[in-house]
Amino acid sequence: MFHAPILPRARKRSRPVEAAVPRREGVKFEDVRLYLVERKMGRSRRSFLTHLARSKGFIVDDVLSDEVTHVVSEDSQASSLWKWLQECVPKNLPNMRVLDISWFTDSMREGRPVAVETRHLIQDTLPEVPTPTSVSTVSQYACQRRTTTENNNKILTDAFEVLAESYEFNELEGPCLAFRRAASVLKSLPRALQRVEETQDLPCLGEHTKAVMEEILQYGHAFEVEKILSDERYQTLKLFTSVFGVGPKTAEKWYRRGLRSFSAALADRSIHLNRMQQSGFLHYGDISRAVSKAEAQALRSIIDEAVHAITSDAVLALTGGFCRGKEFGHDVDFIVTTPELGKEESLLPSLINRLTKQGILLYCDYQASTFDLSKLPSRSFEAMDHFAKCFLILRLKDSQVEGGLHIAEGDSRGWRAVRVDLVSPPMDRFAFALLGWTGSRQFERDLRRFARLERHMLLDNHALYDKTKQEFLTATTEKDIFAHLGLEYIEPCQRNA
Ligand code: UTP
Ligand code: MG
């Protein structure tokens with residue numbers, strides 16, 4: 001039987017503990033409240049560790065209450081520990097992290113609460129084991145969830161994405177993001193949800209999301225989603241934004257002019273199409289068709305050969321959706337650079353030159369670098385980073401692709417047009433650029449949000465800045481960045497949030 005330390009029982013939520021333990025000077029981590037279990041640890045070691053943690057800015061409570069967020073124990077008898085915890089703090093136990101001493105030592109070494117990893121957890125061995133979808137296992141941040149390309153809740157996430165897009169067209173950022181977050185949480189679940197009650201402990205699911213979900217689970221579709229899908233404005237904006245170079249603003253302008261189809265847009269003399277949109281219409285059939293993995297590999301070989309012909313020390317990395325293991329994508333994304341700083345600046349222009357000579361460049365929008373180290377860190381995230389980049393349309397031949405092109409039956413041209421993006425950061429920015437371009441967009445958003453809110457750091461495609469230490473943190477690999485953020489490393493194939 002587990003013997004609790006001789007301490008009063010848990011108190012109710014009216015913050016009595018704060019009265020007993022006045023807020024100390026030098027508290028650095030307001031949202032983390034530790035409790036060290038005395039059993040096995042012993043009174044003097046507990047007292048020593050308490051002082052140590054407090055000296056590093058941690059809040060350590062002497063009393064176990066519902067306010068505690070992290071319980072640390074050296075006791076290996078999990079069942080008796082859990083039984084005792086359940087008696088003391090039955091209400092808030094599901095929200096507490098019950099941790100092995102290794103989490104505490106890691107945190108002391110780092111001087112901050114490190115991210116909780118599976119190895120730190122003392123597993124609950126009581127009969128009522130939390131379901132895999134309970135709050136203790138699903139984080140509100142996509143960068144703390146593992147999301148493969150296998151989506152077990154597609155029927156729900158497709159509906160959420162329609163709603164998110166519709167809000168985006170109406171410039172309602174809040175609800176748009178809420179549905180994107182909800183879709184992302186469901187994508188990470190290991191199985192299909194059957195009943196809305198199963199989502200009780202999941203983060204990021206509000207009343208509206210749950211109502212839509214309930215309708216879909218019951219009837220197979222939701223009225224609100226059906227209404228959007230049949231709405232003329234939504235359909236037209238979807239159609240126009242599917243053209244390369246046409247964003248929501250342009251699509252809205254055309255819609256307001258009464259245009260409803262491509263033929264109407266192309267016939268309207270008052271509309272001036274820019275070069276990108278002209279190419280978008282010209283190659284519409286090809287570039288609105290998904291790019292296959294085999295086609296992405298073929299393009300990799302073509303670009304690899306070209307950059308190495310320019311400079312033998314070129315570094316090429318496949319990034320974007322294909323790096324995350326997707327079978328199909330809307331484009332193929334690459335990072336190219338060279339180890340010698342500054343030399344990367346001439347790389348894209350030379351590559352473009354070469355592809356032109358090879359006769360495979362159908363469209364090119366090159367943007368020179370505007371990267372300026374002295375302007376970092378950037379407080380506001382910009383959709384585009386400052387590295388040199390180019391948005392291309394390349395001509396890919398059937399003979400270059402293993403198993404042939406992914407084209408419509410009866411298409412006998414023997415080639416297709418494919419969208420390719422290339423970005424060229426200086427080598428010392430490679431890891432940040434790779435992390436930023438590997439995506440998914442939701443994974444990136446949550447990495448930045450996690451860095452800002454949980455670590456007081458600023459992350460973007462260029463750098464990671466620690467606001468507490470007021471310094472930039474260097475990284476040569478993605479793993480370095482996850483480590484700086486105190487996050488468990490997530491492989492690209494698990495970033496399909
Ligand atoms: P994509 O739009 O290519 O998305 O951007 P994807 O994940 O590869 O999926 P597909 O292509 O639709 O199949 C890839 C990543 O690059 C980032 C985006 O945020 C995304 O995570 N990106 C893109 C930038 O960081 N900066 C840019 O200027 C463009
Ligand atoms: Mg892509």
Side-chain angles (χ1 to χ4, degrees), residues 142-143 147-149 151 157-158 161 164-165 168 177 180 183-184 187 238 241-248 276 280 286-297 299-300 303 316-337 348 365-371 378 380-394 396 406 417-425 429-451 458-464 478 481 490-497:
C143 54
T147 315
T148 64
T149 51
N151 178 0
T157 59
D158 281 354
E161 270 152 23
E165 199 161 31
E168 190 172 30
L177 208 56
R180 293 240 152 92
S184 176
K187 281 182 189 174
K238 260 308 255 186
T241 53
S242 72
V243 179
F244 177 48
V246 180
M276 192 182 258
D286 274 345
I287 61 183
S288 60
R289 195 178 176 85
V291 184
S292 71
K293 203 182 232 177
E295 289 170 332
Q297 283 307 336
L299 286 157
R300 184 192 197 141
I303 292 169
L316 176 73
L318 177 70
T319 177
F322 286 108
C323 174
R324 302 196 307 272
K326 275 174 65 171
E327 290 296 323
F328 292 96
H330 100 281
D331 67 358
V332 193
D333 307 283
F334 295 101
I335 301 187
V336 283
T337 187
L348 287 184
D365 173 16
Y366 170 69
Q367 302 184 355
S369 167
T370 53
F371 177 62
S378 168
S380 65
F381 177 76
E382 296 160 66
M384 283 258 197
D385 58 51
H386 292 268
F387 302 128
K389 60 177 75 66
C390 57
F391 306 110
L392 311 177
I393 299 177
L394 295 184
L396 186 62
H406 177 242
V418 186
R419 277 270 303 109
V420 172
D421 286 350
L422 290 150
V423 61
S424 184
R429 305 286 125 199
F430 181 82
F432 299 103
L434 182 62
L435 182 60
W437 278 74
T438 296
S440 68
R441 263 164 223 273
Q442 194 58 38
F443 191 88
E444 302 302 324
R445 270 190 208 113
D446 277 2
L447 263 178
R448 296 191 293 268
R449 193 162 63 96
F450 178 87
L458 296 171
L459 173 71
D460 63 15
N461 287 9
H462 315 100
L464 177 63
E478 289 183 318
I481 304 172
I490 309 270
E491 297 284 349
C493 63
Q494 294 176 323
R495 297 182 203 162
N496 290 286

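Order of appearance sets the numbers: ligands from 1, and atoms from 1 within every ligand.
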Worksheet item: Can any side-chain N or O of Arg180 pair as donor or acceptor with the backbone N or O of Glu161 at less than 3.5 Å?
Response: no
Discussion item. Taking the basic N atoms (NZ, or NE/NH1/NH2) and the acidic carboxylate oxygens, is any pair closer than 4.0 Å for Arg289 and Glu295?
Written reply: no
Worksheet item: Between Leu434 and Ala317, what is the shortest heavy-atom contact and its length?
Response: CD1-CB, 4.5 Å
Discussion item. Heavy-atom contacts with ligand 1 below 4.0 Å: which residues, ordered by chain and residue number?
Written reply: Gly320, Gly321, Arg324, Lys326, Gly329, His330, Asp331, Asp333, Ala383, Met384, Asp385, Lys389, Gly436, Trp437, Gly439, Ser440, Arg441, Glu444, Asn461
Worksheet item: How about Ile303 and Val332: do any of their side-chain heavy atoms sit closer than 4.5 Å?
Response: no
Discussion item. Are the side chains of Val418 and His406 in contact, using a 4.5 Å heavy-atom criterion?
Written reply: no
Item to complete: Around the Mg ion (ligand 2), list the protein N/O/S atoms within a radius below 2.8 Å, excluding water molecules.
Response: Asp331 OD1, Asp333 OD2
Fill in: Side-chain (Thr438) to main-chain (Thr319) donor-acceptor, under 3.5 angstrom
no
Fill in: Residue list, side-chain contact (heavy atoms from CB on, under 4.5 Å) with Asn461, at least two apart or on another chain
Asp385, Phe387, Trp437
Worksheet item: Looking at residues at least two apart in the chain, or sitting in another chain, which of them share a side-chain contact (heavy atoms from CB on, under 4.5 Å) with Ser369?
Response: Phe371, Ala388
Worksheet item: Quick check: does any side chain N or O of Asn496 sit under 3.5 Å from a backbone N or O of Arg324, one acting as donor and the other as acceptor?
Response: yes
